[in-house]
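Here the structure is laid out as structure tokens; the discussion comes afterwards.
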Amino acid sequence: MLALQFDFASGGVRAYFGYADKPNFPARYNIAPTQAIPVVCRDGQGTRRFRLMRWGLLPPFVKDPKRFPTLINARSEAVLEKPSFRHAMRRRRCLIPADGFYEWTGAKGKKRPFHLRPREPRLIAFAGLYETWQDPAGGEIDTVTILTCEANRTVAALHDRMPVVIEPEQFEAWLDVEGVSAEEALAILGPAADDLFEAVEMHPKINDSRKDEPGIQEPLQLSLL
DNA sequence: CCAGACGTTGTT
DNA sequence: GTCTGG
DNA sequence: CCAGACGTTGTT
DNA sequence: GTCTGG
């Protein structure tokens, strides 16, 4: 799940990611896999663009998406070998704007959600791969997945994996599939600094993806008052 | 050769 | 246990 | 990712 | 489309 409360048309966000568009994407508090998420990628001219893509990559060779898993994550260590990701790693790298991510502990039915958010408020960019999938009728769907890596110290308390964060100095190298090989791009990927994120336990109401409204993203402590 | 897979996370 | 919907 | 369903026949 | 297993 993701929460995104940015104004993607505002100058600050556009300047950080370097896209020319002024998109109108509403504040979201609980984005689930298979839903549309904002993505920053390069177009044919090399210009950075804001795009909405289905979260859950479909490789071009898939015939029936119903009989294919929802690929919301890709292990960065393995992307060069996996048929589902290899082409995208060479030709379709992208950034996913975020303000953090969720991890869970606990058993099914009583999951305790934690929001991992920047210790100091700032924008985050996750490393992503995308593919354009063609349905049998000829329609095109842009689909995207988020790369993961070994957890850093902070995240390891909850899980052994975390999304790959790309810092602005590496945006161009990550996005430049013409000038930077997949092997070189792979070398950029790794766990974020241990002090980038802090874990804040959330109210379990965030677990219900049918709810997407202000207040759903509420720290557990506040809700007990 | 053809048929079938092609993936991750978390949990045990 | 496994699949689907969000 | 988590939560919730997991089914058919026949009738409206 | 490409790779793996049989």
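Atom set for the values below is all heavy atoms of this structure, side chains included, hydrogens, waters and symmetry mates excluded. In what follows, chains carry the letters A, B, and so on, assigned in the order in which the sequence lines appear, proteins first and then strands, with residues in each chain numbered from 1.
Rounded to the nearest Å, the gap between the C1' atom of dT8(B) and that of dC1(D) is 11 Å. Taking atom P in both dT9(D) and dG1(C), one finds a spacing of 29 Å when rounded to whole Å.
Heavy atoms of T34(A) sit under 4.0 angstrom from at least one base atom. The residue A74(A) sits close only to the backbone: its heavy atoms come under 4.0 Å of sugar-phosphate atoms, none of a base. The residue F61(A) sits close to a base: some heavy atom pair falls under 4.0 Å.
Remark: the K108(A) side chain and the dG4(D) base include a donor-acceptor N/O pair separated by less than 3.5 Å. Between the base of dT9(B) and the side chain of K111(A) there is no donor-acceptor pair shorter than 3.5 Å.
P60(A) is listed as a side-chain neighbour of E131(A), based on a closest heavy-atom distance under 4.5 Å.
Contact check, R210(A) against dC2(D): no side-chain N or O comes under 4.0 Å of OP1 or OP2.
Here dG1(E) presents its C1' atom at 10 Å from NE2 of H87(A), a figure rounded to the nearest Å. Taking atom CZ of R75(A) as the reference point, atom C1' of dG10(B) lies 12 Å away to the nearest angstrom. Atom CG in D208(A) sits roughly 20 Å away from atom P in dT4(C) (whole-Å rounding).
Picking from dG6(C), dG7(B), dC3(E) the nucleotide with the shortest atom distance to the side chain of R86(A) gives dC3(E). Closest to the F68(A) side chain, of the nucleotides dC6(B), dG4(D), dG7(B), is dC6(B).
Taking a pair to require two hydrogen-bonding distances under 3.5 Å in either a Watson-Crick or a G-U wobble arrangement, dG1(E) pairs with dC6(B).
Using a 4.0 Å cut-off between charged nitrogen and carboxylate oxygen, R42(A) and E172(A) count as a salt-bridge pair.
Counting non-hydrogen atoms of neighbouring residues, nucleotides and ligands closer than 6.0 angstrom, the CZ atom of R122(A) exceeds 12 such neighbours.
Both V40(A) and F171(A) are members of a single hydrophobic cluster when ILVMFWY side chains are connected at heavy-atom separations under 4.5 Å.
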